[in-house]
2 protein chains.
Amino acid sequence: MSDSGRKPPEANPTATVPKVVVSRLSLYLRELQQLVRDGQETTNSTQLGELLGVTAAQVRKDLAYFGQFGYPGIGYRCQELIVEFKRILGTTQPWGVALIGIGNLGRALLRYRGFASQGFRIAAAFDVDVQVIGTTVEGIDVYAMDTLTDQVKKMEIKLAMIAVPAVAAQEVADRLVAAGIEGLLNFAPVTISLPDHVQTVGVDLAIELEQLSFAVVTHGRKT
Amino acid sequence: MSDSGRKPPEANPTATVPKVVVSRLSLYLRELQQLVRDGQETTNSTQLGELLGVTAAQVRKDLAYFGQFGYPGIGYRCQELIVEFKRILGTTQPWGVALIGIGNLGRALLRYRGFASQGFRIAAAFDVDVQVIGTTVEGIDVYAMDTLTDQVKKMEIKLAMIAVPAVAAQEVADRLVAAGIEGLLNFAPVTISLPDHVQTVGVDLAIELEQLSFAVVTHGRKT
DNA sequence: TAGATTGTTAATCGATTAACAATC
DNA sequence: TAGATTGTTAATCGATTAACAATC
């Protein structure tokens with residue numbers, strides 16, 4: 001029942017996974033965690049599809065990129081999928097994350113409770129403001145930007161969130177890259193140029209509202 | 001030079017625009033605004049493509065969904081495109097936005113400077129906490145949830161941002177819909193069920209970090 | 001066994017790219 | 001005019017869907 005070692009969770013490692021499939025993987029994970037909280041032990045492609053608004057065929061195709069996780073006639077065991085998806089997404093072990101910029105948004109991110117449960121821990125915060133350097137916010141020490149490289153290396157931090165003003169974002173990104181950071185979550189509303197080996201994800205809150213605006217003005221007339 | 005009324009900015013209104021094209025439209029707009037700040041008056045599909053990391057052909061195809069905005073041999077006038085894109089996205093006139101939940105994230109959103117410049121203004125804030133009801137945060141009045149319908153109707157608010165705990169998100173959404181809200185930006189890490197005529201965009205910060213994690217662990221091995 | 005549901009193949013659909021005549 | 005760049009068409013590529021044998 002727990003670990004009968006039946007199916008081979010080995011996918012084609014050369015197959016390149018479409019970005020949109022990876023984003024759905026996170027959504028599946030979120031729904032699975034909700035199902036478990038609701039006491040459900042198994043699910044199936046039809047249910048997962050309904051929860052995400054996609055077809056059952058797509059759910060099965062998505063999962064097939066990563067391996068065989070299902071039981072024909074039964075469906076999927078929620079807890080098993082959660083473990084697999086976390087492994088695939090790389091969040092089995094918690095990541096230490098650096099936060100740059102302790103302004104409005106930075107403080108909100110420091111206080112945000114939703115990171116820890118998904119395997120992310122803000123390990124250190126950085127700012128240029130002498131008023132906040134040396135203080136502790138939500139139990140996290142705020143360091144001067146000068147100490148970035150040292151701290152990042154000492155704490156083996158690989159991910160960073162940029163919550164500085166737009167004009168400073170590129171320079172901060174350059175320093176993070178120089179310090180050896182491998183992935184950046186950028187909240188500044190600018191495109192950042194980075195070497196190929198550094199990954200970036202951008203979150204622009206105004207753009208999200210723009211997308212909503214478009215959806216509303218075009219109304220029912222579909223996307 | 002300014003408004004010679006040459007080309008017809010009329011697109012096929014029945015053509016359904018792919019969601020991914022609309023998201024690139026926002027990115028084009030952001031780059032165009034940056035180009036104007038940098039003093040550039042015209043651009044072309046090659047430059048816009050480089051800024052976004054897409055091909056020039058794709059830029060031209062994207063724009064073709066909405067009309068003919070270019071000048072063969074010249075390219076595009078930045079300021080003209082900005083005006084057109086804002087019209088298409090529906091942000092020519094500013095939207096009043098309701099904010100629900102004045103916690104960590106809600107306060108950061110209230111203070112965020114990036115909304116106004118893109119045509120969004122937080123018009124009213126709501127919470128259940130009697131400690132904050134009746135106060136003013138960043139010049140915005142905080143109201144009790146009971147007054148939601150009245151305020152939304154009085155201020156003709158059509159968009160709302162949900163920044164409440166996950167467990168409360170669905171109920172808040174239901175009340176917003178009952179109040180006549182047409183679009184929701186949901187920051188709670190849950191899927192919200194809504195009637196078809198109400199548009200939703202979800203922003204889940206932990207999911208963004210998960211996507212980054214995946215990109216880092218799969219490293220260079222592409223997407 | 002009968003019923004349910006998977007994983008996978010083939011068919012369909014849609015988006016991206018390349019090429020080029022039309023235009024400034 | 002010659003050069004540059006658009007808008008659009010056709011070709012390619014990739015993702016989604018439908019169907020079904022295999023499996024529990």
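Order of the sequence lines sets the chain letters (A, B, ...), proteins ahead of strands, with each chain counted from 1. Just so we're clear, the structure is a prediction, and the values are computed from it rather than from any experiment.
A donor-acceptor distance shorter than 3.5 angstrom exists from the side chain of A:Ser213 to the backbone of B:Leu89, with no hydrogens or angles considered. Proximity of a side-chain donor or acceptor of B:Gln40 to a complementary backbone N or O of B:Cys78 within less than 3.5 Å is not detected. Panel note: side chain B:Asp204, backbone B:Glu208; no donor-acceptor pair is recorded below 3.5 Å.
Looking at the side chain of B:Arg60, the nearest of the listed nucleotides D:dA22, C:dT8, D:dT6 is D:dT6. Candidate nucleotides D:dT8, C:dA22, C:dT5 were compared by shortest atom distance to the side chain of A:Pro72, and C:dT5 ranks first. Residue B:Ala64 has its side chain nearest to D:dT8 when only D:dT5, D:dA18, D:dT8 are considered.
Closest-nucleotide positions on DNA chain D for B:Lys61 and B:Thr43 were compared, and the one nearer the 5' end corresponds to B:Thr43. Where B:Ala56 and A:Val21 meet DNA chain D, the nucleotide closest to each residue was compared, and B:Ala56 sits on the side nearer the 5' end.
Using bins of under 30°, 30° to 60° and over 60° for the plane-to-plane angle, the ring pair B:Phe85/B:Tyr28 lands in the tilted bin.
Note: OH (A:Tyr76) to C1' (D:dC24) measures 14 Å, nearest angstrom. With rounding to whole Å, A:Tyr71 atom OH is found 17 Å from D:dA22 atom C1'. A straight line from CD1 of B:Ile74 to C1' of D:dT6 spans 11 Å, rounded to a whole angstrom. The separation between A:Gln68 atom CD and D:dA22 atom P is 15 Å, rounded to whole Å. Spacing between atom CG of B:Leu48 and atom P of D:dT6 amounts to 9 Å, rounded to whole angstrom units. C:dA15 atom C1' lies 8 Å from atom CD of B:Gln58, rounded to whole Å. Note: OH (A:Tyr65) to C1' (C:dT8) measures 12 Å, nearest angstrom. Atom pair A:Arg24:CZ and D:dT16:P shows a separation of 5 Å (rounding to whole Å applied).
If you check C:dG3 for Watson-Crick or wobble pairing at under 3.5 angstrom, you find it paired to D:dC24. D:dT16 is paired with C:dA11 under the criterion used here, namely a Watson-Crick or G-U wobble arrangement in which both key atom distances are under 3.5 Å.
Close to D:dT17, at under 4.0 Å from its OP1 or OP2, lies a side-chain N or O of A:Thr55.
Within 4.0 Å (heavy atoms only), A:Ser45 reaches sugar-phosphate atoms of the nucleic acid but no base atom.
In this structure, a donor-acceptor pair under 3.5 Å is absent between the side chains of A:Gln33 and A:Arg30.
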